[in-house]
> 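For reference, the structure I am asking about is given below.
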There are 2 protein chains.
Amino acid sequence: MTQAPRPEAAGLDTVLGKAVTILRAFRPDDRAVPLAELVRRTGLHKATVHRLAAALVANRLLDRVDGGYRPSGGLFELGMLASPERSLLEVAVPFLQDLYERTHETVHLGVREGHDIVYVAKIGGHRQVRAPSRTGGRMPLHCTAIGKALLAHTDDALRQEVLTGPLERRTPHTLVAPGALRRQLREITETGVAFEREESTVGIQCVAAPVLGGDNAAVAAISVAGPTGRFRPERYVTQVRAAAAGLGSMLNRRGPRDR
Amino acid sequence: MTQAPRPEAAGLDTVLGKAVTILRAFRPDDRAVPLAELVRRTGLHKATVHRLAAALVANRLLDRVDGGYRPSGGLFELGMLASPERSLLEVAVPFLQDLYERTHETVHLGVREGHDIVYVAKIGGHRQVRAPSRTGGRMPLHCTAIGKALLAHTDDALRQEVLTGPLERRTPHTLVAPGALRRQLREITETGVAFEREESTVGIQCVAAPVLGGDNAAVAAISVAGPTGRFRPERYVTQVRAAAAGLGSMLNRRGPRDR
DNA sequence: GCATTTCGTCTCGCTCAGCGATACGCGCCG
DNA sequence: CGGCGCGTATCGCTGAGCGAGACGAAATGC
C-alpha cells in the first residue's frame, strides 16, 4: 500500500504499457493524430510509436486515416465490455430518460474513478447547454455537483484525502477552501442533494443526487445541468432525488455485486 | 456451448495481439472471468494469460475481482475516445431523444462494421421491450432493420458480398433467400425505410431509416423497436425518417469528414 | 478418509520479438 | 538551394516475453 504519487504511472518499459500509453495519448476531440504528435505526447521513440501504431491498427484498436491515426470502432466495442459501467448504464437509462423528459435539460450520470468523476452517460436535447462534459470524460470531484454528491457519500478516508489535497480552482466560484467544502458536504449528506453554481464551468449550474448502494455508499450520481440564466437548480431537487433513489433501489434489488 | 473457432485471426504471436485477444475474450454479460476460463477461451498458455492479465490490470484495462478478472472503467474511458462513434453519438443524442419522446419505444443508433452492425446507442424507458441488442453489441446486417437500411444504402460490392455469403437464419422469419432480400433492399432504397418483423428476434419488430452522408452512402441508421403485439412499425415511419434526415443534415453541415 | 482434479501462482533457462540509432525519400519552408 | 519535419525502412543487440513445469490450496469424487 505505498502511496502512489502518480496513480498514472503505468510501465513504459513493457510493450503493453507503451501501447496503452499511445492509446491514452489521444484526446477526446482530435480527429486524427499524426505520428510525430504521438511521439511528442508519449515521449516514446519514433520508431517505437511507428511500429506499435501499426500493430494497434492490425488489432483494430486504431484506424489509419489521412492525417495520422485515430481510435477505431474496435476500441469502442471493447470499452463497452466494461461491466460495471455497462450494467449500470443499462439499468440507468430509463431513469435518465424520465428525468430528461420531465426537465428537458442536460442529464448526466457519473461514477467515481480516483479523485475524478467519469461521465457514463450524458443526454440532452437540441437546446442543450454548451458544457465541457462528455461521455467517458473526466472532471474533478470537488467542483461538480455529481462529484460533491459522490464525495459526501463515500468513506471518510477518501473524503479526507481529497479535502487535504490541492483543490484546483477552475472558475472564480470554485470552492477551494477545505472548510467551506467540508461544510457543504455535510449539508449534502443531510439533504441528499448537491448543487453546483458555476464551480467547474462559468455559465453552468447543476443539481445532483447520489445513487446509494446497499452499504449506503454512493455508487454513482445523477445530475441535471443548465445555463445560469434561466436555469433554477432548486426546481429540480425532487425529480433528481427521485431518479437517483429509483435507480438505487433498482440496482440493489438486482444484486449488490458491483464495485 | 463452446464458441465457434475465431474467424478474427489477429496475430497471436505478438504480445499486443495476445493482450487484445484476452480482452476480446470477455463477453458482454460475464461479471468476472477466472483465469482458467480465459485460458480456455483464448487458447493461450496458462502462464501467458496469467502474466498478461496482471499486466492489463497494471495498465487499468482489467480489474482483479473475486471470481477472476473483468474489463475495467479504464477500458470504458479508452473506448469513448473512438472519435467516429463518439462524435456521431454526441450529435445524434438530441435526435434520438426527440424520437424517443415521440414514440416511447426503444430507440437504436447503429453503424456498420464489417458484415455486422454495432449499436452505438440504445435508449428506452422502463417499459422497454426485452431485446438482445446492447450498446457496443453486434448483430448481422441482413436480419435487422438497421442492418438492412445500411445495406440498402451502401456500395454494390459490399451488398453483393453479403447477399452471396451465407445468410444466417436467426428465427423462422429471417430472410435467407438472397432474391427476396435483394428485392426488399431495392424497396428500402426507394422508400427510405426498412422494416424488420421478427427476423432477428422472435417477438420484436423494428422500423429503421438510414442516415445519409454527403455521398449518399449511409453512415449510420436509426431504428425504433417494439414488441410484436401492440407495436405497429408503420406508425413510426415518418418520425424515424425525420430523425434520420435531421441527423444526416446536421452531420453534413458540421463536416463530412468521417469514415 | 484419501485420491484426484482443477485452479492460481511462481520459477527458470532459451530465444526471438521488440528495441532504437541511423538512414532515406519526400514535401515544405525561407 | 539547403534546412527541416515528416513518415518509413533497415539492422544488429539484447532482454522481455515465452512456455514447460513445479507447487500448494481448494474443490470434487469415491
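Computed from heavy atoms alone, side chains included, the values below leave out hydrogens, waters and symmetry copies. In what follows, chains are A, B, ... by sequence order, proteins preceding strands, each numbered from 1.
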> Measure from the side-chain heavy atoms of A/Ala36 and tell me the nearest of D/dG7, C/dC10, D/dG17.
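For the A/Ala36 side chain, the nearest candidate turns out to be D/dG7.
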> Does the B/Asn252 side chain pair with the main chain of B/Gly214, one donor and one acceptor, at a distance under 3.5 Å?
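Here the side-chain-to-backbone pair exists.
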> Give the nucleotide from the list C/dC10, D/dG7, D/dC6 with an atom nearest to the side chain of A/Arg40.
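Output: D/dC6.
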> Does a side-chain N or O from A/His50 land closer than 4.0 Å to OP1 or OP2 of D/dT8, or not?
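Yes, within the criterion.
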> Where the side chain of A/Arg51 is defined as all heavy atoms beyond and including C-beta, which of C/dT9, C/dA17, C/dC19 is the nearest nucleotide?
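Nearest nucleotide to the side chain: C/dC19.
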> Just the rounded figure in Å: distance from C1' of D/dG17 to CG of B/Leu52.
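Rounded to the whole Å, the gap is 9 Å.
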> Go through D/dT8, D/dC18, C/dT9 for me and flag the one nearest to the B/Leu35 side chain.
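The closest nucleotide is C/dT9.
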> Could you tell me whether A/Glu77 and B/Arg138 have a side-chain N and a carboxylate O separated by less than 4.0 Å?
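Answer for the salt bridge query: yes.
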> Check for a donor-acceptor pair, side chain of A/Arg169 on one end and backbone N or O of A/Thr174 on the other, with a separation under 3.5 Å.
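Answer holds: yes.
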> Using a cut-off of less than 4.0 Å, is there contact between a side-chain N or O of B/Thr48 and OP1 or OP2 of D/dG17?
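So the side chain of B/Thr48 is outside the cut-off, no N or O lying under 4.0 Å from OP1 or OP2 of D/dG17.
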> Which is it for A/Tyr119 and A/Met139 under the side chain to side chain contact (heavy atoms under 4.5 Å, CB included) test, yes or no, and what are the steps along the way?
CA-CA 8 Å; A/Tyr119 292 107; A/Met139 278 284 190; 3.7 Å; yes
> Closest approach to the side chain of A/Ala47, judged atom by atom: which nucleotide of C/dG8, D/dG19, D/dA9 is it?
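Within the option list, the nearest is D/dA9.
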> Tell me whether the side-chain N or O atoms of B/Lys46 pair up with the base of C/dG8 as donor and acceptor below 3.5 Å, since no angle test is needed here.
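For B/Lys46, whose side chain was compared with the base of C/dG8, there is a donor-acceptor pair (under 3.5 Å).
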> Using only side-chain N and O atoms of B/Arg64, determine if any of them is under 4.0 Å from OP1 or OP2 of C/dG8.
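Answer is no, no contact under 4.0 Å.
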> Quick check on D/dA20: is either OP1 or OP2 less than 4.0 Å from any side-chain nitrogen or oxygen of B/His45?
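Yes, because at least one side-chain N or O of B/His45 sits under 4.0 Å from OP1 or OP2 of D/dA20.
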